[in-house]
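Here's the structure, in structure tokens; my notes come after.
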Amino acid sequence: MSNLFALNDANCRSLVEAHDTPCFAYSGAIATEQFASLRQVLSPRVRLAYAVKANPHPGLLERFASLGASFDCASIGELERVEALGLPTGRTFFAGPGKREAELRKALAMGVRVQAEGFEDLARIDALVDRETAVNLRVHPAFEIDEGNRIIGGSGPSAFGVDEEDVPALLRKAPSLRHVRIRGLHVFAASNQRDASKLLAIHGAVLALAKRLHETHGLTFEQIDLGGGLGIPYGPDQSPLDVKALGLGLTELLAGHSWFTGELILEPGRFLAGPCGLYLARVVRLKESRGTRFAILEGGINHLIRPLLTGEPFPVKAVGKGEGSVPYTLAGPLCTSLDRLGDVRLPELAAGDLLAFGSTGAYGLNEGMTHFLSHPVPPEIWVG
Ligand SMILES: Cc1ncc(COP(=O)(O)O)c(C=O)c1O
């Protein structure tokens, strides 16, 4: 929990004096620390591609770019944000189950490596290019996955990738492609996983799958993309991911797969961006209703929807008030009983108190659904 509130009480107060509430603040120093803590335990054969969907704030993108990150994009909006960084080609990837033609065109024009989700994706890319184009194939594995939660979807039916059992049929059709060549594998099967051994079990199974595809179908992989899913603690009883164990495990996996001479890719979003973010909001009023003490805040699920989606609150403290054990239900200002940020224990609160929510650097403001993944906001058309 050490860095959850690295922007301490004094800094929170001066941020609020300068910017008013509610607001989000991101610490570049913590983002740097988080990136370095992971980079330093990874083999040089592991590429770190920041998943822009976690938080596309330009400050974060610039910071990670300066530290040598590659980027995983999932929409034209994210591609444009990464394009603005002026990176050399080879440092950007484009994934997503529903890529529109304009998005594919944009990615291909930028020289981005596309993660194809099935034969239709391969064929659509083939029709858009006039020279040999390497892509990665996203596979939805058949092996049992202990994902941690259901955000990515476990091993049941999935909108992502081609089902592993359908890969042979896809490969039989692949020779009809004029320019597109499968040169990489992409499997992403975990979410917010803080247990390095569980992540490594999935990664080991992915390398075994790659080996089967190599041996049975002669596929050669320049890259094997293991996706994101590296977890962070959201509560005092949760331990952080042992990145050293993860790094060592990946090095061992590489050593055990000498047939594979390419690079591994990790695409963490939450791990890199989560800890650097704070959300600051004031208590507007307090209310006791039938035994429940509500603290009603000036922001709610319009700013932080994750507690509603996962049932897990962000860590929160009352700035300048120390620890406390009074139970509060945190409610937002929206006129819906869904507008809850969690049931928490805090010191006795008063109207005007400032609350600081930690670990909100990933899937915070941008997880509000019209913002999520920087997709364009649809116009509203008045037909009078
Ligand atoms: C393809 C892909 N890569 C990376 C990520 C980032 O995951 P995380 O933030 O859990 O590391 C996601 C998240 O949904 C994803 O879909």
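It should be emphasised that the depicted structure is a prediction, and the values quoted were computed from it without experimental measurement. All ligand and atom numbering here is 1-based and tracks the order in the structure.
Sorted by first and then second residue, the pairs that involve residues 343-359 and meet salt bridge (Lys or Arg N to Asp or Glu O under 4.0 Å), not counting sequence neighbours, are R293-E348, K321-D353. Contacts classified as salt bridge (Lys or Arg N to Asp or Glu O under 4.0 Å) and involving residues 120-136 (residues at least two apart or in different chains) are given here: K99-D121, D121-R124, D126-R178, E132-R183.
Looking at N192 next to ligand 1, no N or O pair under 3.5 Å apart turns up. Close N/O approach between A51 and ligand 1 is not found [any backbone or side-chain N/O within under 3.5 Å]. On a distance-only criterion, S191 and ligand 1 share no N/O pair closer than 3.5 Å. No N or O atom of H186 sits closer than 3.5 Å to an N or O atom of ligand 1.
By the neighbour-count criterion of 12 heavy atoms within 6.0 Å, atom CD of E323 is sparsely surrounded, having that number or fewer from other residues, nucleotides or ligands.
When each atom of ligand 1 is checked for a heavy atom of R138 under 4.0 Å away, the hits are 1 (C). Atoms of ligand 1 lying under 4.0 Å from at least one heavy atom of P268, given by number and element, are 11 (O). Interface atoms of ligand 1 facing R270, defined by a heavy-atom separation under 4.0 Å, are 8 (P), 9 (O), 11 (O). Of all the atoms in ligand 1, the ones that sit under 4.0 Å from a non-hydrogen atom of E267 are 1 (C), 2 (C), 3 (N), 4 (C), 5 (C), 6 (C), 11 (O).
A cation-pi geometry, defined here as NZ or CZ lying under 6.0 Å from the six-membered ring centre and within 45° of its normal, does not hold between R270 and Y363. Annotation: cation-pi geometry not satisfied between R81 and F71 (NZ/CZ under 6.0 angstrom from ring centroid, within 45° of ring axis).
Look at R282 and E298 and you find no salt bridge, because none of the NZ, NE, NH1 or NH2 atoms lies under 4.0 Å from a carboxylate O.
Residue contacts with ligand 1, taken as heavy atom pairs separated by less than 4.0 Å, do not involve Q115 at all. At a heavy-atom cutoff of 4.0 Å, ligand 1 is contacted by the side chain of Y363 but not by its backbone.
For G229, the closest heavy-atom approach to ligand 1 falls below 4.0 Å. Ligand 1 lies less than 4.0 angstrom from a heavy atom belonging to F188. A54 does not count as a contact of ligand 1, since none of its heavy atoms falls under 4.0 Å from the ligand.
With Y328 contributing its side chain and L349 its backbone, the two residues share a donor-acceptor pair below 3.5 Å. Not a single donor-acceptor pair under 3.5 Å links the side chain of H303 to the backbone N or O of C23.
The closest side-chain heavy-atom distance from Y50 to L61 is below 4.5 Å.
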